[in-house]
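In the text below, chain A, chain B and the rest are named by the order of the sequence lines, each starting its count at 1. Note that this is a predicted model, so its numbers are computed, not measured.
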2 protein chains.
Amino acid sequence: MCSRCNYREILERAGLEATPGRLRVLEVVGGHPAPLSAADIHRTVNRTGRLDRVTVYRILDRLVREKILQELSLGGRRRLYGMAPSEHHPPHPHFRCARCGAVQCLPPGGVRVDLGGVRRVFAGEIREVEVRLEGLCANCLSRA
Amino acid sequence: MCSRCNYREILERAGLEATPGRLRVLEVVGGHPAPLSAADIHRTVNRTGRLDRVTVYRILDRLVREKILQELSLGGRRRLYGMAPSEHHPPHPHFRCARCGAVQCLPPGGVRVDLGGVRRVFAGEIREVEVRLEGLCANCLSRA
DNA sequence: TCGGCGCCTGCAACTATGTTGCATAAGGGG
DNA sequence: CCCCTTATGCAACATAGTTGCAGGCGCCGA
């Protein structure tokens with residue numbers, strides 16, 4: 001659990017009831033150092049009580065819609081979920097190991113992206129930028 | 001089809017037989033201005049002949065392994081495929097419209113990424129950088 | 001207090017996407 | 001001519017996510 005986040009308050013500020021299911025999902029996601037899949041979250045939450053698979057999906061959808069969580073697409077088939085950028089959770093890039101598939105959050109601020117050229121030629125409106133790195137993680141490097 | 005690419009030659013340089021299926025898949029992907037899903041490719045290829053769904057998946061896997069195609073993860077459930085970066089196909093960022101889901105390739109060079117900070121603290125080996133933008137496409141903006 | 005309404009959850013069935021195992025066909029080398 | 005490899009097809013399966021519907025619970029107004 002992120003020590004600086006009050007999940008109940010976050011939910012209520014978004015106009016959502018702070019149900020046990022939602023609180024447990026938030027605790028699992030906020031307390032994990034890397035983004036998790038719906039299946040991971042379902043498994044973890046069900047170690048301490050039960051919450052249906054479908055309910056987990058619905059909670060995740062809702063929390064993403066309210067921008068409490070963010071959904072990441074990092075290769076592989078599964079969508080991953082992490083805390084959305086906010087005061088306590090600055091945006092940061094993600095790394096995925098091409099060998100073992102593990103995903104890590106990288107420190108915020110380590111990557112600078114300059115969109116100048118794109119903003120000049122692109123007719124749409126850019127709202128979010130996601131940076132994804134791929135390569136070999138330290139673990140796989142040492143075992144190579 | 002990309003006028004500067006000789007698909008037969010690309011396949012043979014990678015040590016792959018230039019079979020009709022592979023050539024057709026390459027023509028479809030190389031000739032489309034945005035990345036395509038396996039289902040899109042299967043559908044398109046089957047307008048001019050037939051190629052099994054499974055064969056399309058296997059061809060895509062193979063071409064990705066040989067770095068002829070690249071696989072993109074752009075949200076949504078499907079993996080998308082485009083030409084891998086090469087002499088004729090410089091790496092470029094991708095944009096996905098949050099409203100209609102359409103994916104576009106953005107001009108290469110429009111985005112500059114500085115990894116300095118990450119390379120100093122990250123213990124693994126970074127091989128690829130993917131930049132994904134999200135927002136509203138011109139079409140959805142005008143209809144909003 | 002009652003009845004209705006909305007929200008959350010569970011369950012079953014379903015869809016979409018991707019994968020595996022096994023059979024067949026084509027081509028090359030002994 | 002036989003065997004091996006490679007590409008393809010087909011059926012079955014696996015995984016991830018979605019939909020429809022019903023039950024429970026709290027809240028609000030009558």
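- In this structure, Arg24(A) places its CZ atom 10 Å from P of dT9(C), rounding to the nearest Å.
- Remark: P of dA16(D) and CG of Leu80(A) are 11 Å apart, rounded to the nearest angstrom.
- Shown here are the salt bridge (Lys or Arg N to Asp or Glu O under 4.0 Å) partners of Arg8(B), two or more places apart in sequence or in another chain: there are none.
- Residues satisfying the salt bridge (Lys or Arg N to Asp or Glu O under 4.0 Å) test with Arg77(A), not counting sequence neighbours, are none.
- Tyr57(A) has no side-chain polar atom (N or O) that falls below the 4.0 Å cut-off from OP1 or OP2 of dT18(D).
- Within the 4.0 angstrom heavy-atom criterion, only backbone atoms of the sugar-phosphate kind lie near Ala38(B); the bases stay farther away.
- Hydrophobic cluster of Val129(B): the remaining members, joined at side-chain heavy-atom separations below 4.5 Å, are Phe95(A), Leu106(A), Val111(A), Val113(A), Leu115(A), Val118(A), Phe122(A), Ile126(A), Val129(A), Val131(A), Leu133(A), Phe95(B), Leu106(B), Val111(B), Val113(B), Leu115(B), Val118(B), Phe122(B), Ile126(B), Val131(B), Leu133(B), listed by chain and number.
- Whole-Å rounding puts the Leu11(B) CG to dT6(D) C1' distance at 14 Å.
- In summary, Arg43(B) and Asp40(B) engage in a salt bridge, as defined by a charged side-chain N under 4.0 Å from a carboxylate O.
- Following rounding to the nearest Å, Leu23(A) (CG) and dC8(C) (C1') show an atom-to-atom distance of 13 Å.
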Heavy-atom protein contacts under 4.0 Å, nucleotides 25-30 of chain C, coded B base, S sugar-phosphate only, - none: ------

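- The phosphate of dG18(C) has neither OP1 nor OP2 within less than 4.0 Å of any side-chain N or O from Arg77(A).
- Under the rule for a salt bridge (Lys or Arg N to Asp or Glu O under 4.0 Å), Arg120(A) has no partner lying at least two apart in sequence or in another chain.
- With sequence neighbours excluded, no residue forms a side-chain contact (heavy atoms from CB on, under 4.5 Å) with Glu87(A).
- Rounded to a whole Å, the CG atom of Asp61(B) is 17 Å from the P atom of dT6(D).
- Counting only heavy atoms from C-beta outward, the side chains of Glu130(A) and Ser73(A) approach each other to under 4.5 Å.
- By the side-chain contact (heavy atoms from CB on, under 4.5 Å) test, Arg112(A) is found to be paired with Asp114(B), residues two or more places apart in sequence or in another chain being considered.
- Side-chain heavy-atom separations under 4.5 angstrom define the hydrophobic clusters, and Tyr57(B) shares its cluster with no other residue.
- What separates CG of Asn46(A) from P of dC11(C) is a distance of 11 Å, to the nearest Å.
- dT15(D) atom C1' lies 8 Å from atom CZ of Arg78(A), rounded to whole Å.
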Tell me, for nucleotides 7-12 of chain D in 5' to 3' order, what letter each nucleotide earns: B for a base near a protein heavy atom under 4.0 Å, S for only sugar-phosphate near one, - for neither? SBBBBB

